[in-house]
Amino acid sequence: MDGRLWKIILTNVLILIPIIGWSQNIVISGTISDKKTAKPLEFATVVLEGGQWAVADAKGRFTIKNLQEGKNIITASCLGYVTRKEDIILSKSLEGYKIYLEEDNLAIESAVITAKESTSAATTSRIIDKTALDHVQLMNVADISSLLPGGTTVNAALTTSRIFNLRGESSEDGNNAFTTAVEVDGVRISNNSSFASTTGATVNNIASANVESVEVITGVPSVEYGDMSAGIVKINTKKGRTPYTVTMSTNPKTKQISASKGFSLGERKGVVNASFERTKSVSSQMSPYTGYDRNQLSLTYTNSFDRGIFADSPLQVSAGITGNVGGMNSENDPDAYEGTWYKERDNAIRANAKARLLLGKPWITNLELNASFSLRDRSWKEKDLYSSAASTIVLHGTTEGYFVAQEYDADGTNEAVMISSGQWYNTMGDKDIPMNFKIGAKAGLGRNFGEVRHKFKAGIDFTGDDNLGTGEYSEDLATAPTFRTYDYSAQPAMYNLDAYIEDDVIIPFGKSRLNLVAGLRNDNTFISGSAYGTTSSLSPRFNARYTASRNFSVKGGWGLTVKQPSFAVLYPTPSYYDIMTFTSTSGSSGTYYAAYYTKPRTIEYNQALKWQKGIQSELGVDFRVAGTKVSLTGFYNRTKDAFTVMTDYERFSYNYTSTSAVNGIAIDVDNRVFSVDQSTGIVTVSDKSGTYDDITLAYTTKNSFITRKYAYNLSNPTTRYGLEWVIDFKKIKSLNTTVRLDGTWYAYKSFNSDMQEYYPSNQTSNDGTPFKYVALYYGGASASNGQKTQAIRTNLTVTTRVPKARLIFSLKVEASLLKYSQSLSEREDGSARSYSLSDLSTPLDYTDESIYTAGNYTVTFPDYYYSYDDGTLRDFLTDFKWAYENKGSSSEALDLYADLSKFVISSNYKYTFNSDYISPYFSANVSVTKEIGDIASVSFYANNFLNNLSRVKSSRTGAWYSVYNYIPSFFYGMTLRLKF
Amino acid sequence: MKKILTALAAVAILFTGCESDDEIKTQTAGIQLSVDGSALAEEGVTITLSDGTTSIEVVTDANGLAEVTAVSGVYTASASFKVYNDDNTYEIYNGSTTVELSSLTNSTTFKLPLSVASTSTLIIKEIYAGGCTYNTSDHYIKDKYMVLYNNSDQSIDLKDICFGFPYPPNNWASNKYYSNGTMSYFSEGWTPQGWGFWGFRSEADGGLASYELPAYSQVVIAVFGAIDHTVTYANSVDLSGADYAMYDLECGFSNTGYYPAPDESIPSTHYLKGYKFGISNAWACSYGTPGFFIFNMSADDAKALIADTENMDYTNGEKLPSVKIPNELILDGSEQGYTGGLANTKARLYSSIDASYVKHTPFQSHSLYRNVDVEATLAIEGNEDLLVYNYTGGTEDEEYGSTDPSGIDAEASIANGAKIVFQDTNNSENDFHQRAKATLCK
């Protein structure tokens, strides 16, 4: 056995380079028809294992040429029918091969309303098909997360932004949601060019009614997929001829109506799928004014050519365009202050085009060219009411210097504006238009070498991310609040050129087979015109699956993934430090003048910034025993060099003029005109009436620190590991019921090991000067620097089918058996970072007890600190202890003690570091779908239908909390689908 | 037979018809004023006995003993009086006890225990913190002020006076110090002050060597913006003429929304010094229960007090330290009850500073104004002709409203030249009333 294995591997390694042609002239032709009516199925697709394909014509006929001898698998699929796979052995040309497809409806035995595990893919891949999507009544595509193992239900309301997060949870380090990729028909929904935050793209604006199937790939995906780590969610919309379908869906917060149809344009002219959807969602039924709208129209054209020049090399093309107009609008809300509102757009255009040529040559089977484009408008506008009894000073300047706030001057630079007292409205907005595109080519080659089947894949892509928006603006600068313009479109775009190569090998061993996948991907990111330059990375990925028989297979994988940064990390939004350096006294109408010193905060471009990496590994086993199917997958993921934005401080000084300097000068208060020197800050008062000479006011120089931001990679990796299980019990034939138990055990640990600076900018030193010290903390200026969690969630789904009545009824019990979290305060070398303390007024009386068991307050000290005058780092605890011992006798020591006390961080509660176990809780959903003839189907669901309002206990605080926070509240919905 | 029956009936009628000639049994007892267990020899103190329906008043003799003769029953004897000192300061005595008069207690002497509190000459005369309404339903509360008054005939130097309010600012909200009906700090002799407090500027800090407050005169302290708020908010007050302003951006109370530049007329030596130690950038006092008090602390002592974490109390958590103000330094204070949460009122000031609270409704431009001490005012020569009566500035028509029981219009009397002495029994319920419009309203 061993020898044979080696021989096979060696043979294939040597034959990776294209060689002498093997016999490739087998042809297979036949017909595809509907099993029940024997009607031919036009546009059905037939695909062979090596990637050769054909599309059936009006008579259901198909022909595939240039095939090799040997074992093969033929897969036939058609929109609205169940995909069928058959094993065939090609020894000579086959004619008249008949394939019958079953219509996909609830009458068939194999209708599944949960996610289907793919047992042939080498990595973890799950498909959620139309039947399951209809049953779950998708309103927001993010709802499919509840169908994954251990997934929980969230009540759909589009007013909450939802993102996908595969094998990760929210509020964790490592940006897991940001590394979860989402694609709709090949168009990547990317959040890279967002300046706001580094998180996943919101999926609220993807029409849910037009989705045909969703594939979720986690583990170690193919090298074809880049710019992601956690996994990819591929959403496929309907393509192919379909009858008119009208769907009406309702739940307490959302109403949806959609219509779609796939038209055939004529013989060999292709199919156009048109779909329209309107969804309106409100956040509160009691006040249905603030809501989210989604109005989407999509058109897809697909056609295949196999005549004339394409007779030997059929061509399949598809092109699609989707437009969405929608967003949030609170203008009609009667509860808001009169005249105030908030509007946010969520418009999008997505377009994609694909051409696939079946060349059938010995050195290339398929060639695919694809292009996609996505533009999203996330601009918002807000109108607010402001009022003040005194003048309000607002700042708009972006240059460094001292400026006196003057009344708004339409022709001036208006760095600092003084708005007189009173009431006024102002509308602020932000133009945020992220866009991304991709052009790519992919070549596939399916070849058999003896018994071994190879599927090679190689490809090259060019992608770009940019933001076309112009940033924040105000409709009336004269009364706008403090803001600065920052033109998003002026920042350089990020381009990525990638190339990948992969070999997918199937080696049969009698009845069993071994599937090996090996791939290598190279990503090169160009950010021209910026300090970042070009970055290059390699991602190797390996997968293997050994299928012993239909009843047993084992799989494993290991790979590297790389994630590009977001613009929020690359180009942190410039911020400005505004210090009031002078105020005059108030005149007769409450007006007063002020001078501000504006210092733009330096943004350092970290040239050593690395791209975030994910190291993923997986091990799984699928087996069948006594009719029960079990699938277990264990995973271990590490995120290295996670993106983050760090802060440090630099020294600066400014000249401060106190109000007392102007109080009482000779010039009459209403005749004073103030001017300030832009570079020195010295204030001069002149007399409007000319009676008195100019007076220069006295000032003092103050020293302070200002923040500097820079992109950074976290040093300590984030670890996630767990186990997913899916157990499909043997069908209870008498009740026509299947029971599925799926779940996940998930563990996460992360802590910050980077030294971070902190300066309490709103404090003054004990001697009255601006605060003079900056401290450095291990892992950040907070009581805890990390967290570890563990959770066990499991779902029991009982599905009862009544095929004669075309009814599916399901009951899903979602259980959380373990929910553990623990705040951490630790160092990489294991030594203590925080100490246990019983009396907060004497922070130096800490003890050696473990902070996790002492049940006391916790105190954290910085490791080092430095002062404005002397930049050398000093040990904090040594100096703090000296100041404490001598504060009674020396005023210097008392000043130092008062100042260093401001750096001592204590936990807010005595229970902060207790481990938190939330007691188990459950929620049950019930769902029914019934088909009425072939024309209509109705679905109804109720989430948490038992209205579980019990309590859970948190071991951390010892208190009981309502389970309301953890499970969806009682909710229901109904959908009516018509087909004609 | 008829005659005998008639005679018997006559006798019976005679007996029953006659009123019993018994005397109503009265008892006599003595009531002795006492402080801390020993007798207080104070003459002329009126002791009031009440059993719910009747009320009897008796006066003590030179030994502080009063004799009462009354019908048997259970009475409550109470006394509240002042003992004046030569410098016009006085001590306040307050006390009550149960007196049971019966044949068994005839001729016994009951002790009436009294608590003593000294008053100071410097008092808070007016507190305006409730804010006003504008645009029908919005509230404006950035216009608070208080007025200090010299209640004696000697001038006072304000340089060591500091201003504070007890923590938490809203006394109807939850309070970590409160358990079993009392505050944990009452027995420890201090009052918690959160965020920071204010004091007069020392000479080294840009202030004056002394701040004289002449006899029977007042100063207005602007707690927030010392500007004319009525320009934008018609129902608000005009603080552009305030005497002092709590304005110290450099110490960290730098929120210009609450601290706009003070009016030119206020000299910078009159900007109070802020002693900030918490995280807030404005002195966050309450619109419902401001609870202001004044205490004695020099600028150097104040600076040293907030520098040391050992002077802080962390009952409210690490981010909300309170500094402990020793009760013996507190000169005067007033507690309020917010009418929107009266049932949950938890008095924060120690009973010797304020034994009760005055009911306060915010957002109506109301202020809390002291009642006139009629006795002491009339005792000053020349006042009688200058006093103006028929005071109509109270809120007695409102729910939870009050007015000055003396009926003297203090503001008008002062304008007329009178020297008003205000009442200070360390009991806000008796000492303050809710005034319909703050004195600085336009």
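In this text the structure is predicted, and so the values were computed from the model without any measurement. By convention in this document, chain letters (A, B, ...) are assigned in the order of the sequence lines, proteins followed by strands, and residues within each chain are numbered from 1.
- Counting heavy-atom pairs closer than 4.5 Å to chain B, the top residue among A:Tyr857, A:Tyr909, A:Tyr656 is A:Tyr656.
- By the 6.0 Å contact criterion, CD on B:Glu328 is enclosed, its count of non-hydrogen atoms from other residues, nucleotides or ligands being greater than 12.
- Most heavy-atom pairs under 4.5 Å with chain A: of the set B:Ser240, B:Gly225, B:Cys251, B:Gly206, this distinction falls to B:Cys251.
- At a 4.5 Å heavy-atom cutoff, the contact between A:Thr583 and chain B is made by side-chain atoms alone.
- Residue B:Asp308 holds its CG atom at 7.5 Å from OG of A:Ser901, rounded to the nearest 0.5 Å.
- The heavy-atom pair separating B:Thr232 from A:Ala389 by the smallest distance is OG1-CA, 3.6 Å.
- Of all the listed residues (A:Thr392, A:Asp839, A:Thr764), the one sharing the greatest number of non-hydrogen pairs under 4.5 Å with chain B is A:Thr764.
- Atom NZ in B:Lys303 sits 5.5 Å away from atom CG in A:Asp895 (nearest 0.5 Å).
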- Task: Decide side-chain contact (heavy atoms from CB on, under 4.5 Å) for A:Thr659 and B:Ser268; before the verdict, give the C-alpha distance in whole Å, the side-chain angles of both, and the deciding distance to 0.1 Å.
- Result: CA-CA 7 Å; A:Thr659 313; B:Ser268 57; 5.9 Å; no

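- Interatomic distance, A:Ile393 CD1 to B:Thr256 OG1, rounded to the nearest 0.5 Å: 8.0 Å.
- A:Tyr897 and B:Thr309 are linked by a side-chain donor-acceptor pair at a separation below 3.5 angstrom, with hydrogens and angles left out of the test.
- Here the OH atom belonging to B:Tyr314 is positioned 12.5 Å from the CG atom belonging to A:Asn908, to the nearest 0.5 angstrom.
- Neither the backbone nor the side chain of A:Tyr593 comes within contact range of chain B; no heavy atoms are under 4.5 Å apart.
- At least one donor-acceptor pair closer than 3.5 Å links the side chain of A:Asn663 to the backbone N or O of B:Glu264.
- Put simply, of A:Gly768, A:Ser388, A:Pro770, the one with the most heavy-atom pairs under 4.5 Å next to chain B is A:Ser388.
- Residue with the most contacts toward chain A among B:Met312, B:Glu310, B:Lys276: B:Glu310 (heavy-atom pairs, distance under 4.5 Å).
- Side-chain contact, B:Tyr233 with A:Ser387: a donor N or O sits under 3.5 Å from an acceptor N or O.
- Contacts from residues 880-888 of chain A to chain B, taken as heavy-atom pairs separated by less than 4.5 Å, involve A:Tyr884, A:Lys887 in sequence order.
- Applying the salt bridge (Lys or Arg N to Asp or Glu O under 4.0 Å) criterion to B:Lys159, with sequence neighbours excluded, gives no partner residue.
- With a threshold of 4.5 angstrom between heavy atoms, A:Ser907 approaches chain B through N, CA, C or O but not through any side-chain atom.
- Atom CG of B:Leu249 and atom CD1 of A:Ile579 lie 13.0 Å apart (nearest 0.5 Å).
- More than 12 heavy atoms of other shown residues, nucleotides or ligands fall within 6.0 angstrom of atom OH in A:Tyr425.
- Interface remark: of the candidates A:Met580, A:Gln763, A:Arg672, A:Arg672 forms the most heavy-atom pairs closer than 4.5 Å to chain B.
- Heavy atoms of B:Asn135 lying under 4.5 Å from chain A belong exclusively to its side chain.
- The environment of OH in A:Tyr692 is sparse: at most 12 heavy-atom neighbours from other residues, nucleotides or ligands sit within 6.0 Å.
- The backbone N or O of B:Ala261 lies less than 3.5 Å from a partner atom in the side chain of A:Ser586, making a donor-acceptor pair.
- Only the side chain of A:Pro843 comes within contact range of chain B, with at least one heavy atom under 4.5 Å from a heavy atom of that chain.
- No part of A:Val859 comes within reach of chain B, as not one of its non-hydrogen atoms sits under 4.5 angstrom from that chain.
- Interface remark: of the candidates B:Asp138, B:Leu320, B:Asn281, B:Asn316, B:Asp138 forms the most heavy-atom pairs closer than 4.5 Å to chain A.
- With a 6.0 Å radius and a threshold of 12 heavy atoms from other residues, nucleotides or ligands, B:Tyr258 has its OH atom at or below the threshold.
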- Quick one: do A:Thr769 and B:Glu250 satisfy side-chain contact (heavy atoms from CB on, under 4.5 Å)? Show the steps, please. CA-CA 8 Å; A:Thr769 60; B:Glu250 289 171 62; over 6 Å; no

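- Ranked by heavy-atom pairs shorter than 4.5 Å toward chain B, the options A:Ser906, A:Ser891, A:Ala898 are led by A:Ser906.
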